[in-house]
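Below: one structure, written as structure tokens.
Residue numbers begin at 1 in each chain, while the letters A, B, ... track the order of the sequences.
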Amino acid sequence: MRYLPLAQADRQEMLRAVGASSIDDLFVDVPEAARLSDKIHGLPDHLGEMAVERELARLSRKNLVAGEMPFFLGCGAYRHHVPASVDHLIQRGEFLTAYTPYQPEIAQGTLQALFEFQTQVARLYGCDVANASMYDGSTACWEAIGMARRITRRGKAILSSGLHPHYVSVAKTMARFTGDMLESRAPELTPDPDTASLLDSIDGETSCVVVQYPDILGRIGDLSALAERAHEKGALLIAVVTEPVALGAIRSPGEMGADIVVGEGQSIGVGLNFGGPYVGLFACKEKFVRQMPGRLCGETVDAEGKRGFVLTLSTREQHIRREKATSNICTNSGLCALAFSIHMTLLGEKGLRKLAEVNHSRASAAADRLSRVAGIELVNTAFFNEFTLRLPREARPVVRTLAERGVLGGVSLGRLYPGVEALERGLVVAVTETSTAEDVEALAEALEEALA
Amino acid sequence: MSMNREGRPTRPEEAEAGAPPTWTGNRALMLEEPLIFELGEEDGCGVDFEDPGSPSKAWARPGADSGPRPSPGSRLAGLERSRPIGLPGLSEPQTVRHYTRLSRQNYAIDLGLFPLGSCTMKHNPRLCEKVARMPGFADIHPLQPVDTVQGALEVIARLGGWLVELTGMHSVAMSPKAGAHGELCGLLAIRSALEARGDAREVILVPESAHGTNPATAAFAGYRVENIPATTGGRVDLDALKGRLGPDVAAVMITNPNTCGLFEPEMTEISRAVHEAGGLVYCDGANFNAIVGRVRPGDLGIDAMHINLHKTFSTPHGGGGPGSGPVVFSEALTPFAPLPFVEKQGDHFALVEEENAGEHHGSSFGRMVAFHGQMGMFTRALAYIMSHGADGLRQVSEDAVLNANYVLRRLDDLLDAPFGHSGPCMHEALFSDKGFAGGLTTLDLAKGLIDEGFHPMTMYFPLVVHGAMLIEPTETESKAALDQFIGAMRSVAERAKAGDQSLKAAPVHAPRRRLDETLAARKPVLVWKEPGQAEAAE
């Protein structure tokens, strides 16, 4: 078997060396009743590479591939072009098959890359510090709510109506167990985010306000007033960014006063992957760093005075503090963080701004074209690369019809908010640098046909 | 059992005189590499774009409405970025060189054995990387209509089904993103089940030897954690456990085989006793590699177990993730499993989310993560399981256990193995620092092992053994690789027992000498600052 190097002769020699007559002797502590006398039923025997590849290729062909047709889905996962070198670099064995860098002398590659990653994320988000990644944006979001509770010692979190419904759902699940009170409600198809009503709802019992930027409908709103009001009332502003490319065009939440900024890094370096693995980004103000969950990489020197990097402030973490840890997280999303960092390095400031410009420009042209389809209205005043259309009827069946015609036309709000009638005509369309004018035209024509 | 209360030293010792210096600071193939912030410029870029300013011919179609194009900037709510971000860029050649050089400063499975206990650092098959990258898996969006992703849902269902089969359990939650996330999933299901019964309880019992995520997770889930003592034989003290069980104990969290590398022979009785007292049994599946294909944890009476796909099923460790932690459930906990999950309905695969949870899954405790889970790890794990098959997986656990016992017996004349005298170990062997002389510690031995070309074993864990060294070779090590590792271990162990003070300076050959972790924690520098900035901050 190609992954098992021991030869039968080796096994026999080793059994002799340990004083066992058969392998069963080494399983002596397993009670009789629990021992399986034979291999597991219900699984086939081993297969060669060819057979495995053939079967998985067959299964892969049962899926419609985003890159092979006009594609406009967003809502928390975006299709961007990842430069070819990123995937080659992360597949280097020294990155792919490395362990968590607990032995820093032989893990400076991982550690320096993490330090660079932390710096990139902190700067992108406009914050003082960032951690070495979380699982994804949604878990980063609920961890941030928990962090706000620890800092303010209050239990009421206000979630803006523009927060991704999966993120809301995750926060609600966790709140059942932590006792946090969450205020949330579904969005409305209005041109701007719900800043005004959010401002009114912040009071002296609020631990944090959680706002997505741009929001689930693609709307953009200034966070400064929210930051100010939150701080007046002793609460924290948590900003959630599900599309980091947006920050190449619009101001960072950190510079508008957000205390904690979290989000999804998938757009940069990672690819769609049907929802995972992704990479959660987590950044905050310096004064909160000891309350931050997750791994942190810090700079230091070695015994010869050379600069080096180590995991640090580990007293926050499970392997030291156990039940008093700030989080239970152990594995993070190291390889995805590396992919993010490499892609970000290839882009640089200039490239990120250019990428953002292309995204916004194409989205803008697409919004104009699509709102000329009879019966379709553009909802947003402002957007980056994602906007909401109001269709003349329920959007979810239209999306299915479009798929049958070979167009992946966006995410219906009925899919994300089932049963909310006020949203059922909403269709969220994302347009990135990977979409062409032909794609937009194909979507427009398919919509015209579907709505006729 | 004496607890290790000393922690370990974090300051490096004085450096010895090194090799003659070079102008670059490089040492042949050992290349120093600055930060991107020191290399790159604001204008550097390794990506080319189509010019967004002028519409390409394609955008100006004949006959298309040629009304005035609004300027793109006007739709950003006046929030256009004004300040620079501070992100350096590099051309592609510079980027490739930067990261290639960084990679060469890492140890990895591809280079050599990782004897890390409970981490299961086995070979990562490249076939798995290939299948994960098939466009039909890598380039699909989680919110596509389910009819357009039936192949992906089938992968999830098939993998889940085999995990259930391998563990002898009833159902599986595929969405947790890592082992600790899976532990949380299991405990939240347990808590939901008890609440549904109107029997909320406050305490979870955890062995002293447990991995830190166990008590951390239990505390997060709202429980008070109490220790279960171990016997001198390194197992759960069943009498002490039974004595503590009561109406306030919600669950026990047991690792089996445990973190001392030993199978808990009384596991079935533990489960029975806990159930009788009205509690539930969580099993930490980190050590599943020892028993996969030979024992089904479900047969031992457990209610929930997370499986680390990045351990037993060899999805790559990636320098710290991504992982994946599906959780298998007993029939008692199945109703409470989180959303979403994949369900076969006729010959169609459905995704059960909040809207269609309905009466069949109405007791689910809710959603734990956006979207569906670590699809990229599912394809890899599925390819791994298909490659090994039922026969191969059984061989995996046998070879893993044989390899660990071989290491145990080839070292236990020299190193103290606290449980070595009472029988075989499973997939990992545990040693203590008994007999080390001259003030030398497990840390010193570990750093000496680095110079020998190996990543150190797990140190100071489990806490129940002084100066613990936990070694898990895994089944993908050849006998020759094991013999070399054993030889290296014997060499550094002899030095430690002889009080050889040169170990204090180890490692001397690694890209870096021992690093000052105390300094890093006392004055945390977590992001790069321009030299002027850094000074201003002081």
**Prompt:** Side chain, backbone, both or neither: which part of A:Thr178 has a heavy atom under 4.5 Å from chain B?
**Reply:** side chain
**Prompt:** Tell me, side chain or backbone of B:Leu262 under 4.5 Å from chain A's heavy atoms, or both, or neither?
**Reply:** neither
**Fill in**
Looking only at B:Gly222, B:Ala510, B:Ala221, B:Ser387, the option with the highest number of non-hydrogen pairs under 4.5 Å against chain A is B:Ser387
**Asked** Non-hydrogen atoms of chain B under 4.5 Å away: do they reach the side chain of A:Met1, the backbone, both or neither?
**Response** side chain
**Request:** Enter the distance from B:Thr95:OG1 to A:Leu89:CG here, rounded to the nearest 0.5 Å.
**Result:** 8.0 Å
**Prompt:** Among B:Arg294, B:Met375, B:Met368, which has the most heavy-atom pairs under 4.5 Å with chain A?
**Reply:** B:Arg294
**Asked** Which one, B:Gln150, B:Met386, B:Arg410, leads in non-hydrogen pairs under 4.5 Å with chain A?
**Response** B:Met386
**Asked** Should the pair B:His372 and A:Phe274 be assigned to parallel (<30°), tilted (30 to 60°) or perpendicular (>60°) ring geometry?
**Response** tilted
**Message:** Need one label for A:Leu96: side chain, backbone, both or neither, based on atoms under 4.5 Å from any heavy atom in chain B.
**Reply:** both
**Prompt:** Would one find more than 12 heavy atoms of other residues, nucleotides or ligands at under 6.0 Å from atom NZ of A:Lys350?
**Reply:** no
**Request:** Working to the nearest 0.5 Å, report the span between CG of A:Leu73 and NE2 of B:His141.
**Result:** 5.0 Å
**Request:** Test B:Leu76 against A:His360 for side chain to side chain contact (heavy atoms under 4.5 Å, CB included), laying out the working first.
**Result:** CA-CA 9 Å; B:Leu76 293 175; A:His360 182 64; 3.6 Å; yes
**Asked** In terms of heavy-atom pairs under 4.5 Å, which option from A:Thr100, A:Leu43, A:Leu355 contacts chain B the most?
**Response** A:Leu43
**B:Phe137 vs A:Leu56, side chain to side chain contact (heavy atoms under 4.5 Å, CB included): CA-CA, chis, key distance, verdict** = CA-CA 9 Å; B:Phe137 295 132; A:Leu56 280 162; 4.1 Å; yes
**Fill in**
Minimal heavy-atom distance between B:Val47 and A:Pro83, with the atoms involved, is CG2-CG, 3.9 Å
**Asked** Who among A:Gln118, A:Glu116, A:Lys306 has the most heavy-atom pairs with chain B under 4.5 Å?
**Response** A:Glu116
**Item:** Choice from B:Ala178, B:Ala218, B:Gly423 maximising heavy atom contacts with chain A below 4.5 Å
**Value:** B:Ala178
**Message:** Below 4.5 Å, heavy-atom pairs only: which of A:Arg61, A:His41, A:Glu68, A:Arg400 has the largest tally toward chain B?
**Reply:** A:His41
**Prompt:** Between A:Val310 and B:Arg512, does a side chain to side chain contact (heavy atoms under 4.5 Å, CB included) hold up when you go through it step by step?
**Reply:** CA-CA 11 Å; A:Val310 291; B:Arg512 284 294 177 269; over 6 Å; no
**Request:** For B:Met377 and A:Pro277, work out which heavy atoms get closest and say how close.
**Result:** SD-CG, 3.7 Å
**Request:** Determine whether the side chains of B:Arg83 and A:Ser252 contain a donor N or O and an acceptor N or O closer than 3.5 Å.
**Result:** no
**Asked** What part of A:Asp136 lies closer than 4.5 angstrom to a heavy atom of chain B: side chain, backbone, both or neither?
**Response** side chain
**Message:** I'd like to verify something: which residue of B:Gly392, B:Ala108, B:Gly179 has the highest number of heavy-atom pairs under 4.5 Å with chain A?
**Reply:** B:Ala108
**Asked** Closest approach of A:Ile40 and B:Gly293, non-hydrogen atoms and distance?
**Response** CG1-CA, 3.9 Å
**Message:** Need one label for A:Leu247: side chain, backbone, both or neither, based on atoms under 4.5 Å from any heavy atom in chain B.
**Reply:** both
**Complete:** Ranking A:Arg11, A:Met344, A:Glu299, A:Arg176 by heavy-atom pairs under 4.5 Å to chain B gives rank one to A:Arg11
**Request:** Using a strict cut-off of less than 4.0 Å between a Lys/Arg side-chain nitrogen and an Asp/Glu carboxylate oxygen, indicate whether A:Arg79 and B:Asp139 qualify as a salt bridge.
**Result:** yes
**Request:** Please round to the nearest 0.5 Å and tell me the distance separating atom CD of B:Glu92 and atom CD1 of A:Ile342.
**Result:** 11.5 Å
**Asked** Roughly how far, to the nearest 0.5 Å, is CG of B:Leu515 from CD of A:Gln103?
**Response** 10.5 Å
**Structural part of A:Ala132 lying under 4.5 Å from a heavy atom of chain B** = neither
**Prompt:** Heavy-atom distance under 4.5 Å to chain B: side chain of A:Ala34, backbone, both or neither?
**Reply:** both
**B:Arg191 to A:Phe177, cation-pi by 6.0 Å centre distance and 45° axis angle** = no
**Fill in**
In this structure, CD of B:Glu398 is separated from CG of A:Leu6 (nearest 0.5 Å) by 11.0 Å
**Fill in**
Ranking A:Glu105, A:Glu94, A:Lys172 by heavy-atom pairs under 4.5 Å to chain B gives rank one to A:Glu105
**Item:** Criterion side chain to side chain contact (heavy atoms under 4.5 Å, CB included) on A:Val28 and B:Phe263, from CA distance to verdict
**Value:** CA-CA 9 Å; A:Val28 66; B:Phe263 194 85; over 6 Å; no
**Prompt:** Is it the case that B:Tyr99 and A:Thr345 place a side-chain donor and acceptor less than 3.5 Å from each other?
**Reply:** yes
**Item:** Option that, when pairs with chain A are counted at under 4.5 Å, heavy atom only, ranks first among B:Leu188, B:Asn124, B:Leu382, B:Leu300
**Value:** B:Leu188
**Prompt:** Do you know which of A:Glu433, A:His164, A:Glu13, A:Gln91 has the most heavy-atom pairs under 4.5 Å to chain B?
**Reply:** A:Gln91
**Request:** Provide the closest heavy-atom pair for A:Val129 versus B:Val527 in the form atom of the first, atom of the second, distance.
**Result:** CA-CG1, 4.2 Å
**Asked** Roughly how far, to the nearest 0.5 Å, is the NZ atom of A:Lys62 from the CD1 atom of B:Ile140?
**Response** 13.0 Å
